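Report on one structure; see the data block that follows.
Fair warning: this is a prediction, and the values are worked out from it, not measured in the lab. All chains are named by letter (A, B, ...) in the order of the sequence lines, taking the proteins before the strands, and each is independently numbered beginning at 1.
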Amino acid sequence: MDPNYDPQKIESKWQTRWAEQRLFEAEAEPGRKKYYVLEMLPYPSGELHMGHVRNYIIGDALARYMWMKGYNVLHPIGWDAFGLPAENAAIKHQRHPSEWTSSNIETMHAQLKRLGVSYDWRREIATCQPEYYRWNQWFFLKMYELGLAYRKKSRVNWCPLCSTVLANEQVVNGCCWRHEDTPVVERELEQWFLRITAYADRLLEDMRALVRWPERVLAMQENWIGKSTGAYVEFGINAGDESLRIFTTRIDTIYGCTAVFIAPEHPLVPKLVARSQSPERLQVEVERIKASAVRARLEVNLEKQGADTGFTARNPFNGESVPIWLANFVLMEYGTGAVMAVPAHDQRDFEFCQAFGLPIRTVIVPQNGEAPAELKAAYTESGKNGKLINSAPYDGLTPEDAMARMTADAEAKGFGQRTIQFRIKDWGVSRQRYWGTPIPMVYCDTDGIVPVPEKDLPVLLPPQVRLTGEGESPLASVPEFVNTTCPRCGGPARRETDTMDTFVDSSWYFYRYTDNKIATAPINQDAVKYWFPVDQYIGGIEQAILHLIYMRFFTKVMQRIGLVDFSEPVARLFTQGMVIKDGAKMSKNRGNVVSPDEICAKYGADTARLYTLFAGPPEKDLDWSDTAIEGASRFLHRVYRQVARYAGRMAGVQSGPALSERKLNTAQLRPDERRLLRKVHQTLRHVTEDMEERWHFNTDIAMIMELSNEFADLQAAADQGQIRPEVVKSCLEHLLVMLSLFAPHVADELWEATGHSQPLLRSAWPAHDQELAAEDELEIPVQVNGKLRGRIRVAVGASEEEIRRRARADSGVGQHLNGREVVRVIVVPQKLVNIVIK
RNA sequence: GCGGACGUGGCGAAAUGGUAGACGCAAGGGACUUAAAAUCCCUUGGGGGAAACCCUGUGCGGGUUCGAGUCCCGCCGUCCGCACCA
């Protein structure tokens, strides 16, 4: 073998060999235990970045471990290939989006291969292929049939830079998720929506089953779904026979209601204006409040604005009439667009009423308290620690009890109703762009909205289109596409020219991997039955809400139409940390990007992988260091030299049975052999346990380094024959097995050099030997009153009595005992002694 | 405001309630070399001491415990998500 470690040569050799041997190709084998490792599919933006690398090698380490544990491992990859950047690039460079996309895929595909990630490449998909996106259209039609896809005119979030609509989930701080400095504007448009709200409760309830998902992801989703339980209450108003419905979660405070606030967009507002004594003046106020309304705000603490409408509403509980005010903080999109104002017990109402001189009436006080002379802030106790006052029949009840009683009474009397509100809104999926899945709908003057029949799918994207980035949907300018015939009456009709949000594409792609060829259905149910659920999904936290909630929604719909028989597709989720450099996320704008290609060229893929995993636990952000990576490189060079030194001698040494079954007779081991093998099996124990659950690969690699250091210390003993060749071989083989999870190419190269003909992935993961891992002598710290005062060495089996005696005899300890009375001696077996003195 | 995570050397970090700082980076010293690189060896939380050792130390203040970086309570600070959501 080459005495020098040449990563480039080794890595290309093994990548070729693995491909030839079809090492990572998996087939469904009913009856055989399976493991599905999935990483979030990348957008082919041009080049792989370090965040991708981190994502994929975490999955790769796991996949390789699972293969060696004997699982049938599905580890696929694909491309989230539709989307805006392709279109923008097309405009800029006069290249067709498909061309730009496929050349990026080609580049990134090669980069992944260069990293040696263990993918089954036969299963690769790209969502822009008609064979794929026709099924997006199919899902859309199914949802349409079920009433889950619908069209409505609505105010939408519009990004002027993207020239398209954004889903609520894609608006970040009032700005576009792709253009963080561009405020979203509002537009009224006819749009297609998917009724995710129909599954709001299921999405929330089913989270209970997601016990292996990170708590913060669940918390974020729960937040986003935003369930709150409360009641509607009807307030009569003095403007015709209209009534005004409000939503509250604190019906118990209704006797403290001193006003009603409504959103300026509320449908009642025009009627109030019409009936107002000074309609012009009120209309001006409405416009003013609208302009300062919450949706337009970018700063968080918007000043409260309001105006009295001059009308009043009647509180059905006490018959009291209170003024109706327009308020800029009331959201039309949530609840009913109207709220009762209880300034004493809601901070926003408190601020508003103070600012506008509206009365404040306390109706809840602490259990043993009284109404304060003056409130400084709203008192918001809602549980058992409060007590109602000024609330006629309900006085003395706790808020908790009052809520139940008052809701029931309101229902009985017909002016109220228990209800549940969700914050999540339906998913707007129409995009006024070209590079996406055409929405399979047709508009006919006679028949209205008509779905494209399933047999006519896919509705293909026309290849010829002029892209300018301006105006409406590009597809509208392609007459051959737009003009069609109505599937129902055969008359002339127009096609829908919007395309789908690309998050539709990524909501079910991981099903397609199980059979990416099937042409008769979106998924192969037998294959899905074998491979699902995804055992481990790995990706960035930034998808916590968007993708990870859409994908859950899709699965629930798939269950409903009988495609799958489960409701959650992913058993375990892992969210990795970001890759940071110089304190900021790597980005082209900041110029702190580290290119995987450069790292591979300079150090090789194995070093890139090893360093990325060694730098810290994978869930934490990783601060990239150009110097620390040298350490990873040095380590691999050292291991290479270490093994190379013995490789020649190894080849001839009897390998005996498989690594996992090979037993060395403990009793016959020499001291240095014992020491070396102890370290081997301790390391193996640590790595095995860690791979099963904790995934702190940094500590695994540290342990492997320690093992290598231990072997280096014993090298002289090995050279002099005090460690027999079969023991050296066992040590090095175990080291390589473990290393292969993190640096697979060099591990296979060295494995071959030590006389093996099959890649490591074909070996069984060895079990650690408890007997060999055990220490036979222990150093036990001795404390006096909890402070370390000495150390004793005892045999592992030493009796408590002996440990106690030895501890007290220790000279360092003796000094501190100093003749004082020993109150207690705590002996923790194998661990420590603590002598308590007075 | 609500929810979540976190706070340990010069740096990345490690530590089932049991020897704080494993492993690595950086730094300093030494060996090898004509020289450099590479490699190898030693030192490295702070303070004291010639040394054995001693004192001190995990954001701050309390508590539980024989024993707390770890558990509990209260602060301070950082990061992330949601947010006038009634």
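- Among the protein residues, A:Ser625 comes within range of no part of the nucleic acid, since none of its heavy atoms lies under 4.0 Å from any strand.
- Residue A:Arg791 is in base contact, counting any heavy-atom pair closer than 4.0 Å across all strands shown.
- Comparing B:C84, B:G12, B:A83 by their closest approach to the side chain of A:Lys304 singles out B:C84.
- Heavy atoms of A:His345 sit nowhere under 4.0 angstrom from any nucleic acid atom.
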> Run the side chain to side chain donor-acceptor pair (under 3.5 Å) check on A:Tyr232 and A:Gln421 step by step: do they pass?
Replying inline: CA-CA 10 Å; A:Tyr232 293 132; A:Gln421 295 289 315; 2.9 Å; yes
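- Ring pair A:Phe574/A:Trp695 is tilted by interplanar angle, where 30° to 60° counts as tilted.
- Side-chain atoms of A:Glu630 and A:Tyr611 include no donor-acceptor pair closer than 3.5 Å.
- For the OP1/OP2 pair of B:C85 and a distance below 4.0 Å, the side-chain nitrogens and oxygens of A:Lys227 include no atom meeting the criterion.
- Among the atoms of the strands shown, base atoms are found under 4.0 Å from some heavy atom of A:Asn223.
- Considering only side-chain atoms of A:Arg423, the nucleotide from B:G3, B:C82, B:A86 that sits closest is B:C82.
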>> Let me check I have this right: for RNA chain B, each base becomes ., (, ), [, ] or |, based on Watson-Crick or G-U pairs with both distances under 3.5 Å. What is the full string?
In response: (((((((..(((.....[....))).(((((.......))))).((((....))))..(((((..]....))))))))))))....
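- Taking atom CD1 on A:Ile225 and atom P on B:G4, their separation rounds to 16 Å, with Å as the unit.
- Here the two rings, on A:Phe614 and A:Phe635, have centers that are 6.0 Å apart or farther.
- With a glycosidic angle no further than 90° from 0, B:G9 counts as syn.
- Toward the 5′ end of RNA chain B lies the nearest nucleotide of A:Ala615, the other residue of the pair A:Ala615 and A:Gly335 mapping further downstream.
- Distance from the side chain of A:Ile545 is smallest to B:G81 among B:C25, B:A5, B:G81.
- Environment of CD in A:Glu215: sparse, with no more than 12 heavy atoms of neighbouring residues, nucleotides or ligands closer than 6.0 Å.
- Only one option out of A:Lys679, A:Arg678, A:Arg675 pairs with A:Glu710 in a salt bridge (Lys or Arg N to Asp or Glu O under 4.0 Å); it is A:Arg675.
- Within the 4.0 angstrom heavy-atom criterion, no nucleotide atom of any strand lies near A:Gly226.
- Here B:G3 presents its P atom at 16 Å from CG of A:Leu204, a figure rounded to the nearest Å.
- With B:A14, B:G12, B:A86 as the choices, the nucleotide that has an atom nearest any side-chain atom of A:Arg348 turns out to be B:A86.
- The distance between atom CD of A:Glu693 and atom P of B:U16, rounded to the nearest whole Å, is 15 Å.
- To the nearest angstrom, P of B:A86 lies 20 Å from CZ of A:Phe350.
- When heavy atoms are screened at a 4.0 angstrom cut-off, A:Pro617 is found touching the sugar-phosphate backbone but no base atom.
- Checking the phosphate oxygens (OP1, OP2) of B:C55, a side-chain nitrogen or oxygen of A:Arg789 falls inside 4.0 Å.
- Residue A:Val828 is in base contact, counting any heavy-atom pair closer than 4.0 Å across all strands shown.
- Using a 4.0 Å heavy-atom distance criterion, A:Glu779 is classed as a base contact.
- Rounded to a whole angstrom, the distance from the P atom of B:G7 to that of B:C60 is 13 Å.
- For the P atom pair drawn from B:C11 and B:G4, the interatomic distance equals 30 Å after rounding to whole Å.
- Looking at A:Leu610, A:Asp606, A:Leu736 one by one, the single match for side-chain contact (heavy atoms from CB on, under 4.5 Å) with A:Val746 turns out to be A:Asp606.
- Of the listed nucleotides (B:A14, B:G24, B:U39), B:U39 has the atom at the smallest distance from the side chain of A:Arg641.
- Comparing B:G18, B:A26, B:C55 by their nearest atom to the side chain of A:Thr627 picks out B:A26.
- With P as the reference atom, B:A15 and B:A22 are 12 Å apart, rounded to whole Å.
- When the P atom is compared between B:A68 and B:U19, the two are found 12 Å apart, to the nearest whole Å.
- RNA chain B lies under 4.0 Å from at least one heavy atom of each of the following residues of residues 703-716 of chain A: A:Met705, A:Glu706, A:Asn709.
- Of all nucleotides listed (B:A14, B:G18, B:G12), B:A14 comes nearest to the side chain of A:Asn698.
- Side-chain atoms of A:His686 and A:Thr699 include a donor-acceptor pair closer than 3.5 Å.
- The side chain of A:Ser228 places an N or O atom within less than 4.0 Å of a non-bridging phosphate oxygen (OP1 or OP2) of B:A86.
- If you check every strand for non-hydrogen atoms under 4.0 Å, A:Lys620 touches sugar and phosphate atoms only.
- The closest side-chain heavy-atom distance from A:Pro343 to A:Glu351 is not below 4.5 Å.
- Along RNA chain B, the nucleotide nearest A:Phe247 and the nucleotide nearest A:Gly631 are compared for position; the residue whose nucleotide lies closer to the 5' end is A:Gly631.
- The CE-C1' distance, from A:Met220 to B:C82, rounds to 9 Å in whole Å.
- Comparing B:G29 with B:A38, their P atoms are spaced 16 Å from each other, to the whole Å.
- A:Arg824 has a side-chain polar atom (N or O) that falls below the 4.0 Å cut-off from OP1 or OP2 of B:C66.
- Separating the P atom of B:G9 from that of B:U70 is a span of 15 Å, rounded to the nearest Å.
- B:U34 and B:U43: their C1' atoms are spaced 29 Å apart (whole Å).
- Nearest nucleotide to the A:Arg694 side chain, out of B:G3, B:U19, B:A15: B:A15.
- A donor-acceptor pair is defined here as one N or O able to donate and one able to accept, closer than 3.5 Å; such a pair exists between the side chain of A:Gln642 and the backbone of A:Ser708.
- Of the candidates B:C82, B:A26, B:G24, the closest approach to any side-chain atom of A:Phe614 belongs to B:G24.
- Using a 4.5 Å heavy-atom cutoff, the side chains of A:Phe261 and A:Phe329 are in contact.
- Closest to the A:Leu832 side chain, of the nucleotides B:G18, B:C54, B:A86, is B:G18.
- No side-chain donor-acceptor contact under 3.5 Å links A:Gln783 and A:Arg789.
- Judged by atom type and distance alone, A:Asn834 reaches the base of B:C66 through a side-chain donor-acceptor pair under 3.5 Å.
- Rounded to whole Å, atom P of B:G69 lies 13 Å from atom CG of A:Leu788.
- Between A:Phe329 atom CZ and B:G1 atom P there is a gap of 18 Å when expressed in whole angstrom units.
- Under the 6.0 Å cut-off for aromatic ring centres, A:Tyr379 and A:Phe350 do not qualify, their centroids lying 6.0 Å or more apart.
- For the C1' atoms, the distance linking B:A5 with B:C85 amounts to 24 Å, nearest Å.
- As a whole-Å value, the separation of A:Phe261 CZ from B:C84 P is 16 Å.
- With respect to the salt-bridge test (charged N to carboxylate O, under 4.0 angstrom), the residues A:Asp719 and A:Arg645 qualify.
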